[in-house]
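Take a look at the structure below.
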Amino acid sequence: MTHSPARPVPRARPHAEPRGLRAQFRETLRERVLETASAAATEQGWGQVRMSDLARRSGVSRSAIHREFGDKEAVADALVAHESDRVIAEVGQALIDAPDWRAGLTAALRTTMAARDNHPLLDTVLTSAHDDVSLLPQLTTGSSAIIARARVMLSTWLRGHHPRLPRPLLDDAADVLVRAALSHLTAPDTDRELTVARLQRLAVRLLDPR
């Protein structure tokens, strides 16, 4: 009688870390570093903040910050994007909560105009507090990415309320409104309600010219 050779016993594979857990850890790390960076920039100006300061205050090693973000300029870009995304999310919520498109635009414009009150980092940057202009280009000359994200959100929302209007028209209207709102945010008038009313009238002329 012949015997077949014994099959090798398969080795147990090492336990793999769940991908979702790893992503969650990275998100937590990023949030901690960016919140720390926001507080530090507001308190002393971004030009005075060092990577070692971020590591010490956030409890994240300097090497881990470099691996996740890169250099200090990359952290600055991520910080401004993070803060602007928070404002865009608040504006989006104002649009969603409104009963109709006109009320939605009014609420969204008021939320935008109040962003400097509710986001101290933005006010610090835009007023060049601490005689620091390190982050100002990201909100002015380098704001194309912010405008693009806000434009897509507003255009998508407008299509839901004006399904019969041509998409290029809605895209153009969203672009004009976003750029005008950002301009008023960076160089605000004293009368916010007047600003909101003017931009509201512009939107009505573009979208409902009857």
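In this text the structure is predicted, and so the values were computed from the model without any measurement.
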(Q) Do the side chains of Asp117 and Arg192 get close enough for a salt bridge, i.e. N-O under 4.0 angstrom? (A) yes
Q.
Does this structure show an ion pair linking Arg57 with Glu43, if we count only N-O contacts that are shorter than 4.0 Å?
A. yes
Q) Under the criterion side chain to side chain contact (heavy atoms under 4.5 Å, CB included), which of Val91, Leu95, Leu170, Asp175 is the partner of Leu154? A) Leu95
Q) Can you tell me if Thr28 uses its side chain to pair, donor with acceptor, with the backbone of Gln24 under 3.5 Å? A) yes
Q.
I'd like to know if the side chain of Thr111 reaches the main chain of Ala107, judged simply by a donor and an acceptor atom lying under 3.5 Å from each other, with no hydrogens or angles considered.
A. yes
Q. Got a second to check how far Arg110's CZ is from Gln200's CD, nearest 0.5 Å?
A. 9.0 Å
(Q) Using 0.5 Å steps for rounding, measure from the CG atom of Leu158 to the CG atom of Leu105. (A) 6.0 Å
**Q.** Hphob cluster co-occupancy, Phe25 + Ile65, side-chain heavy atoms under 4.5 angstrom
**A.** yes
Q) About how many Å separate CG of Leu182 and CG of Leu139, when rounded to the nearest 0.5 Å? A) 7.5 Å
Q) Has Arg159 got more than 12 heavy atoms of other residues, nucleotides or ligands less than 6.0 Å from its CZ? A) yes
**Q.** Heavy-atom pair with the smallest gap, counting every atom of Ala37 and Trp46
**A.** CB-CZ3, 3.8 Å
Q: Establish, from distance only, whether the side-chain atoms of Glu31 and His82 form a donor-acceptor pair under 3.5 Å.
A: yes
Q) Any side-chain donor-acceptor pair under 3.5 Å between Ser52 and Arg56? A) no
**Q.** Closest approach of Thr186 to Arg116 (non-hydrogen atoms, all atoms of both residues)
**A.** O-NH1, 3.5 Å
Q: Return the minimal non-hydrogen interatomic distance between Ala103 and Ala98, and the atom names on each side.
A: C-CB, 3.7 Å
**Q.** Over all atoms of both residues, closest heavy-atom pair of Ala74 and Asp71
**A.** N-OD1, 2.9 Å
Q. So, the side chain of Thr140 versus the backbone of Leu136: is there a donor-acceptor pair under 3.5 Å, distance only?
A. yes
Q.
Can you tell me how far apart NE2 (His119) and CG (Leu126) are? Round to the nearest 0.5 Å.
A. 12.0 Å
Q) What heavy-atom pair brings Ala55 and Arg62 nearest, and what distance separates the two atoms? A) CB-N, 3.7 Å
Q. Salt bridge between Arg86 and Glu83, side-chain N to carboxylate O under 4.0 Å?
A. yes
Q) Taking C-beta and beyond as the side chain, do His184 and Arg198 meet within less than 4.5 Å on heavy atoms? A) no
Q. Below 4.5 Å, heavy atoms only, C-beta onward: do Glu193 and Met113 meet side chain to side chain?
A. no
**Q.** Least distance between heavy atoms, Val75 atom then Phe69 atom
**A.** CG2-CB, 3.6 Å
Q) Any side-chain donor-acceptor pair under 3.5 Å between Asp132 and Gln48? A) no
Q) Which distance, rounded to the nearest 0.5 Å, do you find between the CD of Glu68 and the OG of Ser61? A) 11.0 Å
(Q) Within this structure, what is the CG-NE2 distance for the pair Leu206 and His162, rounded to the nearest 0.5 Å? (A) 10.5 Å
Q | Cationic N near anionic O, under 4.0 Å, Arg149 to Asp85 | A | yes
(Q) Hydrophobic cluster membership, with links at side-chain heavy-atom distances under 4.5 Å among I/L/V/M/F/W/Y: are Leu165 and Val152 in one? (A) no
(Q) When you compare the side chain of Leu79 with that of Leu121, does any pair of heavy atoms fall below 4.5 Å? (A) yes
Q | Residues in side chain to side chain donor-acceptor pair (under 3.5 Å) contact with Thr124, at least two apart in sequence or another chain | A | none
**Q.** Minimum side-chain heavy-atom gap Arg102-Asp208 below 4.5 Å
**A.** yes
